[in-house]
*Asks:* 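Below is one structure. I have some questions about it.
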Amino acid sequence: MDSVQKGDFENAKSMLADDFQFSGSIPQPIDKEAWLGMSASLKAAFPDLNYHFKVIGADGDVVRSTAQLSGTHSGSFDLTDMNMGMLPATNKAFSSKTEKTKVTVKENKITSWAVEPTDGAGLKAILGQLSVKS
C-alpha cells in the first residue's frame, strides 16, 4: 500500500500474484492490471491521496486491515472504464468512511484484496462528496 500511495506502481505490481483479484468496493472483481490502472487513475486525480492503511491482525495467509481514503481532487479523474469520461479537477476534498479489508498472501505475493462494502466508502461515496453523479 505504501508503494501505491507513493505512485510506485512497478514496485506494487511486483508484489501481486499473476492471478491477483481485487473485490468488494467495485461492482465486479478486477485483475492485477485493472487494479493497478484504477490505482494510478486515483493517484493522478488525487495527488495527496492517503489510504490511512492499518494492519489489525492476521489469520494464517490472511491479513486483516482497514483503509480510510482521503484526498483533494486536483487532477483529472479518468472514469472512461465506467463510461463517465474524464472528470476535470473539482479541487474538492473528500474523506471516506473506514473500510475493513482482507488481504491474502501466498508465496510472498498478494493473491486477493477483498474490501468489505461499507456505506460512505468506495467510489460512489467519493463521487458523491465531489458532487458528481455516478
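Remember, predicted model here, so these are calculated numbers, not experimental data.
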*Asks:* Are a donor atom and an acceptor atom from the side chains of Lys100 and Thr118 found within less than 3.5 Å of each other?
*Replies:*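 Judged by distance alone, the side chains do not pair up.
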
*Asks:* Go through the structure and list residues passing side chain to side chain contact (heavy atoms under 4.5 Å, CB included) with Pro88, not counting sequence neighbours.
*Replies:*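 If we apply the side chain to side chain contact (heavy atoms under 4.5 Å, CB included) test to Pro88, skipping adjacent residues, there are no hits.
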
*Asks:* Give a yes or no on whether a salt bridge exists between Lys97 and Asp119, defined as a side-chain N under 4.0 angstrom from a carboxylate O.
*Replies:* no

*Asks:* Could you grab the distance from atom OG of Ser39 to atom CD of Gln5, nearest 0.5 Å is fine?
*Replies:*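 Reported to 0.5 Å precision, the distance equals 11.0 Å.
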
*Asks:* Do we see a donor-acceptor contact under 3.5 Å between the side chains of Ser41 and Asp78?
*Replies:* no

*Asks:* Working to the nearest 0.5 angstrom, can you tell me the gap between Glu116 CD and Thr101 OG1?
*Replies:*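 Going from the CD atom of Glu116 to the OG1 atom of Thr101 covers 9.5 Å.
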
*Asks:* Can you sort out the partners of Phe9 under ring-ring contact (aromatic ring centres under 6.0 Å, His included), two or more places apart, ordered by chain and number?
*Replies:*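 Residues passing ring-ring contact (aromatic ring centres under 6.0 Å, His included) with Phe9: none at all.
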
*Asks:* For Thr104, is there any backbone N or O sitting under 3.5 Å from a side-chain donor or acceptor partner on Asp61?
*Replies:* no

*Asks:* Tell me if the NZ atom of Lys54 is crowded by more than 12 foreign heavy atoms within 6.0 Å.
*Replies:* no

*Asks:* Using the test ring-ring contact (aromatic ring centres under 6.0 Å, His included), find all partners of Tyr51 that sit at least two apart in sequence or belong to another chain.
*Replies:*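 For Tyr51 there are no ring-ring contact (aromatic ring centres under 6.0 Å, His included) partners, ignoring immediate neighbours.
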
*Asks:* Tell me whether the centres of the aromatic rings in Trp113 and Phe20 are closer together than 6.0 Å.
*Replies:*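 No - the distance between ring centres of Trp113 and Phe20 does not fall below the 6.0 Å cut-off.
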
*Asks:* Any side-chain to backbone donor/acceptor pair from Gln68 onto Ser96? Under 3.5 Å, distance only.
*Replies:*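 Yes.
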
